[in-house]
Amino acid sequence: MTYQRWDYVFLLMSGLWGLIGVMLLAAGSHADPRLTSAGMFLLFHAATAIGLVHSGFMGPRMRLNVLLLLMVGSGVFAADICSRVMRGQGLLPNLSPTGGVLVMLGWAGVAVASALKLTAKKA
């Protein structure tokens, strides 16, 4: 499998999402339990991104789009949750639902790419 430069950017982001996710889980257990949902969201998608970077079932363009949706969506979602806990208000109106929809689209992309592989004619 050939890795693109942006694959390494997503691996870097995965490491950061994992680090922040663990920190949020710790903060959630000591400060505000709402932070645990943000932490879990980041951790799940960090692990998923690592797996997708190393999977070969998607073409590079599809992988880029799916990873963008998953990583940006999970980051936006978690950031808005943290803002609500720390500041008492979200970063922007409807930012959490927007992040959630982006993540759902990313997961739909995984399903579509898999379905395309399943239905592809073998040469």
Side-chain angles (χ1 to χ4, degrees):
M1 183 175 149
T2 304
Y3 293 103
Q4 306 294 322
R5 185 165 178 82
W6 45 262
D7 285 323
Y8 298 106
V9 172
F10 287 115
L11 290 173
L12 172 67
M13 287 176 70
S14 294
L16 293 173
W17 267 218
L19 171 67
I20 296 165
V22 170
M23 290 174 14
L24 288 171
L25 288 173
S29 69
H30 296 288
D32 191 318
R34 293 178 292 172
L35 293 173
T36 58
S37 64
M40 285 189 291
F41 213 72
L42 290 177
L43 274 174
F44 293 152
H45 291 92
T48 299
I50 292 168
L52 288 174
V53 163
H54 296 298
S55 69
F57 77 97
M58 282 188 225
R61 181 169 288 164
M62 182 70 161
R63 191 170 69 243
L64 171 63
N65 289 324
V66 166
L67 285 166
L68 276 171
L69 288 166
L70 290 173
M71 296 303 280
V72 171
S74 62
V76 163
F77 179 87
D80 197 59
I81 297 294
C82 290
S83 177
R84 290 176 191 281
V85 170
M86 306 289 187
R87 301 179 335 133
Q89 63 183 20
L91 294 171
L92 294 170
N94 296 318
L95 196 57
S96 287
T98 301
V101 168
L102 291 175
V103 169
M104 286 185 255
L105 290 172
W107 283 109
V110 172
V112 166
S114 300
L116 289 173
K117 282 292 185 182
L118 280 172
T119 60
K121 293 182 182 176
K122 295 184 180 181

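By the criterion of side-chain heavy atoms lying less than 4.5 angstrom apart, applied directly or through intervening Ile, Leu, Val, Met, Phe, Trp or Tyr residues, M23 is not grouped with V85; the two fall into different hydrophobic clusters. A continuous path of Ile, Leu, Val, Met, Phe, Trp and Tyr side chains, each step under 4.5 Å between heavy atoms, connects L16 with F77, placing both in one hydrophobic cluster. Under the 4.5 Å side-chain heavy-atom criterion for grouping Ile, Leu, Val, Met, Phe, Trp and Tyr, L19 is not connected to L11 through any hydrophobic cluster.
In this structure, CZ on F41 lies 13.0 Å from CG on L24, to the nearest 0.5 angstrom. Distance check, rounded to the nearest 0.5 Å: CG of L42 to CE of M13 gives 10.0 Å. Atom-to-atom distance recorded for L69:CG and L64:CG is 9.5 Å, nearest 0.5 angstrom.
Considering every non-hydrogen atom in both C82 and L35, the closest pair reads SG-CD2, 4.0 Å. Residues G18 and A46 come closest through the heavy atom pair N-CB, 3.9 Å. The minimum heavy-atom distance between V103 and G73, with the atom names listed, is CG2-C, 3.5 Å. Across H45 and L70, no two heavy atoms sit closer than the pair CD2-CD2, 3.9 Å.
By the 4.5 Å side-chain criterion applied to Ile, Leu, Val, Met, Phe, Trp and Tyr, L25 is assigned to a cluster that also includes V22, M40, L43, F44. As a member of the Ile/Leu/Val/Met/Phe/Trp/Tyr network built from side-chain separations under 4.5 Å, L118 groups with nothing else and remains a singleton.
You'll find the side chain of W107 reaches within 4.5 Å of the side chain of T48, heavy atoms only.
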| Under the side chain to side chain contact (heavy atoms under 4.5 Å, CB included) criterion, do F57 and M62 qualify, and how do the steps go? | CA-CA 10 Å; F57 77 97; M62 182 70 161; over 6 Å; no
| task | Could you walk me through whether S96 and I81 pass side chain to side chain contact (heavy atoms under 4.5 Å, CB included), step by step? | result | CA-CA 7 Å; S96 287; I81 297 294; 3.9 Å; yes
| said: Under the criterion side chain to side chain contact (heavy atoms under 4.5 Å, CB included), I'd like the reasoning laid out for V110 against M58: C-alpha separation, chi angles, the key distance, then a yes or no. | reply: CA-CA 8 Å; V110 172; M58 282 188 225; 4.1 Å; yes
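The side chain to side chain donor-acceptor pair (under 3.5 Å) test applied to Y3 returns H54, not counting sequence neighbours. For D32, the side chain to side chain donor-acceptor pair (under 3.5 Å) partners are R34, not counting sequence neighbours.
Residue pairs meeting the salt bridge (charged side-chain N to carboxylate O under 4.0 Å, His left out) criterion with at least one member in residues 70-86, sequence neighbours excluded, are D80-R84. Residue pairs meeting the side chain to side chain donor-acceptor pair (under 3.5 Å) criterion with at least one member in residues 7-17, sequence neighbours excluded: D7-R63, W17-S74.
Remark: side-chain polar atoms of S55 are paired, donor with acceptor, to backbone N or O of L52 under 3.5 angstrom.
W6 and F10 have perpendicular rings, their planes meeting at more than 60° on a 0 to 90° scale where under 30° would count as parallel.
No more than 12 heavy atoms of other residues, nucleotides or ligands sit less than 6.0 Å from atom CZ of R61.
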